[in-house]
Structure formats: C-alpha cells, structure tokens
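Remarks on the structure that follows.
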Amino acid sequence: MVVGDFANEVDTLVIGSGPGGYVAAIRAAQLGQKVTIVEKGTLGGVCLNVGCIPSKALISAGHRYHNAKHSEDMGVTAEGVSINFDKVQEWKGSVVKKLTGGVEGLLKGNKVEIVQGEAYFASENSVRIMDEKSSQTYNFKNCIIATGSSPIELPSFKYTERVINSTGALALKEVPKKMVVIGGGYIGIELTGAYSNMGTEVVVLEGGKQILPGFEKQMSKLVEKRLKKNGVAFHTEALAKGVEETENGVKVTAEVKGKEEVFEADYVLVTVGRKPNTEELGLEQIGVEMTDRGLIKTDKQCRTNVSNIYAIGDIIEGPALAHKASYEGKIAAEAIAGEKSEIDYLAIPAVVFSDPELATVGYSEQEAKDAGYDIVAAKFPFAANGRALSLNDTDGFMKLITRKEDGLVIGAQIAGPNASDMIAELGLAIETGMTAEDIALTIHAHPSLGEITMEAAEVAIGTPIHIVK
C-alpha cells in the first residue's frame, strides 16, 4: 500500500480497454467485484479504434466501389462511379464511434469506473495513474493487464507522413495513386485489398517465399491471384532496405531475390508485425516474469508469477487475436472470483479479410500429419455450391481435416466468400468433439454457403452428392 497519499480502493483494476480489457472488466463486475478500468487512449483499444473495426469498414467500402464498377457479368453496369474519400472516412469514423460509445455504455451499465491516464506499478497492490494534469494512486486486490500491442517500426523506415503504419493507412485523407506495402502478412494484405479495390496501384514486398505465410500455399495463392487481377504486383524474397522521401512521395529501395530495385509511390506502408505493449508499466518494479520477446509469462488462468497480477491478449503467448483476448479476459476475471475457469480451448479460429476471405481453425493438413495423425483431408469447391454461383463468387474451397479412425473433426480451412462466418461451425465441431458424420447428418439450409460444410463432411465419409469421387 502507498502511505501518506490518498488512494482509491478497488477489488480489480484492469489496465487497457481493448477487446480483452473491457470484457474482463465487465465479467469481473458481473461477478460482484468493484472494478476500475484504465485507458490512456480511447475506449475500445486498438481493435475498435485503429485496427479490426475501421479496417473492415474500409475493406467494405472498397468492395462496394469495386463491385459497382465490375458487375457486367451479372448484367449490371454503372456509369460515373466515384469515391468521396472524405465521406468514406466520415462513415468509417461513425462505425468506430458507435462501437466505442457502446463499450462505454456497457462499462457504465455494469458500474465499472473508467479512468483516463497511464498506469505505472508502484507495488504489487498499487499503481499511479497519470494524465497531463494530475496523478492519483489506486490500490487493488487484483489487477488484469490488457495493454495490447503496437506496430513494429523498422530502423530504416521511421514513421512520417509518407512512411506509415496500419494506423496511418486507416487515416489517410486521400486514396493514393501508388502505394508500396512492406510485409505480406494479414494486415498488409487486408489493406492492400482495400486500397487496390479503390484504384490504388499497390506493390507488395514480402521477405518470405509467399504472402500470408500462416496459411496453406493453395489458400494464399487464391488471394494473390485475385489481387494480381486488381493490378497488385508482388515481390517475394524481398528485403526492404531504405526509403527516400521526395516532395510528393517516397522512393523505396529493396533487394529482390539478390537484385536491388527502387519503387516509387505516394506512400510506403510498413506492416512487418506487432510488439507487446509491456514497457513503461513498471513491471520490473514488482518482479513480473517476462520472455525474451517482451511477453508476460502466465499460467492457465492468465495469472503471472505475482499471484494477484494477471495478463491477457497480445501481451502473453499465443496468437495476437482480439477474440483470444476476450476469451482470456473472462478466464482471468473468473479466476479472480475464485472460479475454476482456465484456458482449455482446443482451437482458435484465425481469419484474413482478404479477397477471397481465408479462415482456419485447428490443424491444417500438414500440421495434422506432422503431429502423427492418420487423417482424411476432404475438400469441396465453392464452384459446386448454388449460393456461391448466385453470388458470382466461386473461387475457393473448404478442406475438412478428420481423424481417419473415427472421423473426428480436428481442423478446417476455408477460402471463399464469408469464410469468416462459416469457420464458426467448424470451431464448434472441434470444441464439442463432433465427427464428419455428425455434420453430414445435420440439415443445412438451401441454398446457402453453409451447405459447403455439410458437403465437405460428406466427402470425408465417402458419400458426396454434388461432386464425383
């Protein structure tokens, strides 16, 4: 406890109000705890303000514009289609405002105190919360750290008005004529898709041998093919070396397969990963154990080595995904309340809002083989589905990974329209121990993309109807 200073007393203090933090705070309040949440920026964190939500809004606007200009196959033509990018940004901002306002309402509705400022640990039971004008002390019984992550800045690509990260890309005041994207991961590819759909000429520089390295090559190739059709140029095994800013743009120097090349553009977008926000919290003051990567070490209840301090989301091991953070936030809040909750998921879905969308959950075909499973990899194409045909969007497939001995579903990959929504059924199947036969015997609505899941299950058990074995 801090002596000689007025201090606020709470049961649980949550640092950070992203999808991990605000969920943790609400769940803790539901369980009868007196909760305070601290946020140095805007409620909702990176995801709601400069990440998941605004990027999807921009992607949706890009799709609307692109579809308006390219629907001749369906007999739909439009003249004079244009983008008012100020209006796009205004609409995107309204989406963010509704959601962040909703988070504030939910926190207040659950009697969670909201405090603006930066938190710094003074002891294992207290923090100093500082803003521009003042500083105050909060004493707590337990604390949940949910400070998220931020873009990695390359030494040779310091951020400026022309050298931007994902936050800068979402806040542009114009649709660039040309853009260089460094990094072909999910953030770079999503923003490449959004801007190329709005007419930007994009060059992607990826250091590895393929874009979207976390997905099967056959899936990433579908995205690459669609983006190339949109005019995007890809350079793999490309090392970005430096940037020179000109009066109206940038010149990016890169070594591509051993040869130096220069790419000129209006902007260069750097998307080479994110780092955990664990610095400047004073964690060393209280002896919280960290990894070499700056991640906080936790147990299955998200508890650190300091028994009353918990950590969730991007700052601990595992994929940096908003839905993982929300899940962990509930676990931590329930553990603090004395419940036996612990992390016990079998699989976490991952999605790229590319074109087509990609989604995966559980084992991929190769991962299952590497793990020693004897499997069936059952594949069904979107092109054989009536709903996909009526959407005029038939690129893609679903692959269902089942255990050969009993048909147990252990993984799934989807490339195609609405993959982000379809993957939920496969996640449920894995978590509940369903077999391919269980899915095949479940009646799916017709005509729907959901039928593809049933069809893939029928392939797995050897009774396909709409493709020839």
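Remember, it's a predicted structure, so these values are computed and weren't measured experimentally.
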| query | Which residues pass the salt bridge (Lys or Arg N to Asp or Glu O under 4.0 Å) test with Lys300, sequence neighbours left out? | reply | none
| message | For Lys34, is there an ion pair with Glu113 - N to carboxylate O distance below 4.0 angstrom? | response | no
| said: Can you tell me how the ring of Phe85 sits relative to the ring of Tyr195, calling it parallel under 30°, perpendicular over 60° and tilted otherwise? | reply: tilted
| said: Going by salt bridge (Lys or Arg N to Asp or Glu O under 4.0 Å), name the pairs with one or both residues in residues 59-68, residues two or more places apart or in two chains. | reply: none
Side-chain donor-acceptor contacts of residues 42-54 below 3.5 Å, not counting sequence neighbours, with atom names and distances?
residue : atom : partner : partner atom : Å
Asn49   : ND2  : Thr42   : O            : 3.4
Asn49   : ND2  : Leu43   : O            : 3.0
Asn49   : ND2  : Gly45   : O            : 2.9

| query | Between atom CD1 of Ile401 and atom NZ of Lys369, what is the distance when rounded to the nearest 0.5 Å? | reply | 8.5 Å
| What residue pairs, at least two apart or across chains, pass salt bridge (Lys or Arg N to Asp or Glu O under 4.0 Å) with a residue in residues 160-177? | none
| Using the ring of each side chain (for Trp, its six-membered ring), is Phe121 parallel, tilted or perpendicular to Phe140, with breaks at 30° and 60°? | perpendicular
| request: Compute whether any side-chain donor of one residue and acceptor of the other, for Glu245 and Thr160, lie under 3.5 angstrom apart. | output: yes
| Exercise: identify the closest heavy-atom pair between Ala29 and Val112 | CB-CG2, 3.9 Å
| message | Looking at every non-hydrogen atom in both residues, tell me the closest pair between Glu328 and Ile312 and how far apart they are. | response | O-CG2, 3.6 Å
| task | Could you tell me whether Lys330 and Glu334 have a side-chain N and a carboxylate O separated by less than 4.0 Å? | result | no
| Lys141 and Asp11 ion-paired at < 4.0 Å | yes
| request: Check side-chain hydrogen bond (donor to acceptor under 3.5 Å, both in side chains) between Thr100 and all other residues, then give those that pass, not counting sequence neighbours. | output: none
| Residue pairs, two or more places apart or on separate chains, that pass side chain to side chain donor-acceptor pair (under 3.5 Å) and touch residues 354-363 | Arg226-Asp355, Glu357-Ser420, Thr360-Gln413
| query | Which pair of non-hydrogen atoms, one from Ala429 and one from Ile439, has the smallest distance, and what is that distance? | reply | CB-CD1, 4.0 Å
